[in-house]
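This report concerns only the one structure given below.
Residue numbers start from 1 in every chain, and the chains themselves are labelled A, B, ... in the order their sequence lines are given, proteins ahead of strands.
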There are 2 protein chains.
Amino acid sequence: MQRMTRQRLAVSETLAEIPEFVSAQQLHDELTARGDAVGLATVYRTLQALASAGEVDVLRLSDGELAYRRCARREHHHHLVCRACGTTVEIDGLTVEAWASLVGDSHGFTRIEHTVELFGLCPECSAEDAADPETVGEAR
Amino acid sequence: MQRMTRQRLAVSETLAEIPEFVSAQQLHDELTARGDAVGLATVYRTLQALASAGEVDVLRLSDGELAYRRCARREHHHHLVCRACGTTVEIDGLTVEAWASLVGDSHGFTRIEHTVELFGLCPECSAEDAADPETVGEAR
DNA sequence: ATAAGACTGAGAACCGTTGTCAACTTGGTC
DNA sequence: GACCAAGTTGACAACGGTTCTCAGTCTTAT
């Protein structure tokens, strides 16, 4: 039986308040900063649970780290993520969806799955970038 | 100055003979098995160098591990990879390319990059799968 | 042949993530 | 409200892929 605990609530609520994709460790830090500390292992476990329940989306950053985000839409969709500030736009992918299954079928493959993520610089960061390319961090 | 060594040759040649995406460790094992042993660190370094020189493609498997493959085409392209046996088909992505920049532009993002990979079961593995779903490994 | 310095490899270090397990909660029951 | 079975937690160890270190080795220009 699934129980409601302070920790699960804290993770879930805090995640709901962060609009960007965050890693488990970042979330753990954030929780600690808010004085609502939760063990790191618990953060990992909770995020996993939320992810497999389809309540949050998971993304693998270019360095291999996993990042989580509570998205507005629960249906399958993709993301346009700003490399500099993490701003995320949810986008549907009807075009790629169709393309993916078409390509899969034409090669006789079944059970097609796909990973499609877009990264770039959001309008604000693009402006900074134009002003001084050096100052625009690309940590994500 | 870049030097030619037995190790670099071994890594490069062996990789050229393996049609599937392989991890650094798998390649290291393969080299050892062929009696052409190369230190693991060197395998990692060489693969990195080849990748940043654009001579091999890199893919992040679902478990986060990096896999390398010497592709036929050097231009940008995508892959349709069999989850069960690793068989890989190179596919161009004109459709997604166009879609990606369209989506990026429409949200005011610049310097768009994208990761697009397709996974599925190749014809042979699909057959096995149909015969007995349990026996089809999905390690990759 | 020689020397400068690029390269190698064994092992340590790193880092994100998962496993362990005793102590602690939660929630149904009486 | 008290009780208890079992789900949950968290400090810490362990893991696995990857990178770093550095003394010894090998390439290559001269």
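In this structure A:H77 satisfies the side chain to side chain contact (heavy atoms under 4.5 Å, CB included) test together with A:D57, A:C71, A:R73, A:H79, A:E90, sequence neighbours excluded. Partners of A:I91 under the side chain to side chain contact (heavy atoms under 4.5 Å, CB included) rule, at least two apart in sequence or in another chain, are A:H78, A:L80, A:V89, A:L118, B:W99, B:V103, B:H107.
One distance of note links OG1 of B:T88 with CD of B:E117; it measures 9.5 Å at 0.5 Å rounding.
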Distance-only check: which donor-acceptor pairs under 3.5 Å involve side-chain atoms of residues 9-16 of chain B, not counting sequence neighbours?
from  : atom 1 : to    : atom 2 : distance (Å)
B:S12 : OG     : B:R70 : NH1    : 3.2
B:T14 : OG1    : B:A10 : O      : 2.7

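Between the P atom of C:dT8 and the CG atom of B:L9 lies a distance of 11 Å, rounded to the nearest Å.
A:L31 and A:V56 fall within a single hydrophobic cluster, where Ile, Leu, Val, Met, Phe, Trp and Tyr side chains are chained together by heavy-atom contacts under 4.5 Å.
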Practice task
Give the B/S/- string for nucleotides 14-20 of chain C, one per nucleotide from 5' to 3', where a protein heavy atom under 4.0 Å of the base yields B, of only the sugar-phosphate yields S, and otherwise -.
Solution key: --SBBBB
Handout entry: Nucleotide-resolved protein contact map, nucleotides 23-30 of chain C, B/S/- at heavy-atom distance under 4.0 Å
Key = --BBS---
Practice task
Please test A:T42 against A:R45 for side chain to side chain donor-acceptor pair (under 3.5 Å), starting from the C-alpha separation and ending with a verdict.
Solution key: CA-CA 5 Å; A:T42 301; A:R45 277 187 297 242; 3.2 Å; yes
Practice task
Step by step, work out the side chain to side chain donor-acceptor pair (under 3.5 Å) result for A:Y68 and A:Q48.
Solution key: CA-CA 9 Å; A:Y68 301 82; A:Q48 266 183 189; over 6 Å; no
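Between B:S126 and A:T110 the shortest heavy-atom distance is OG-OG1, 2.7 Å. Residues A:R74 and A:G54 come closest through the heavy atom pair NH2-O, 3.6 Å.
Using a 4.0 Å cut-off between charged side-chain N and carboxylate O, B:R83 and A:E113 make a salt bridge.
Axis angle across the helix from C:dA1-D:dT30 to C:dC30-D:dG1, with five pairs used at each end and values rounded to 10°: 30°.
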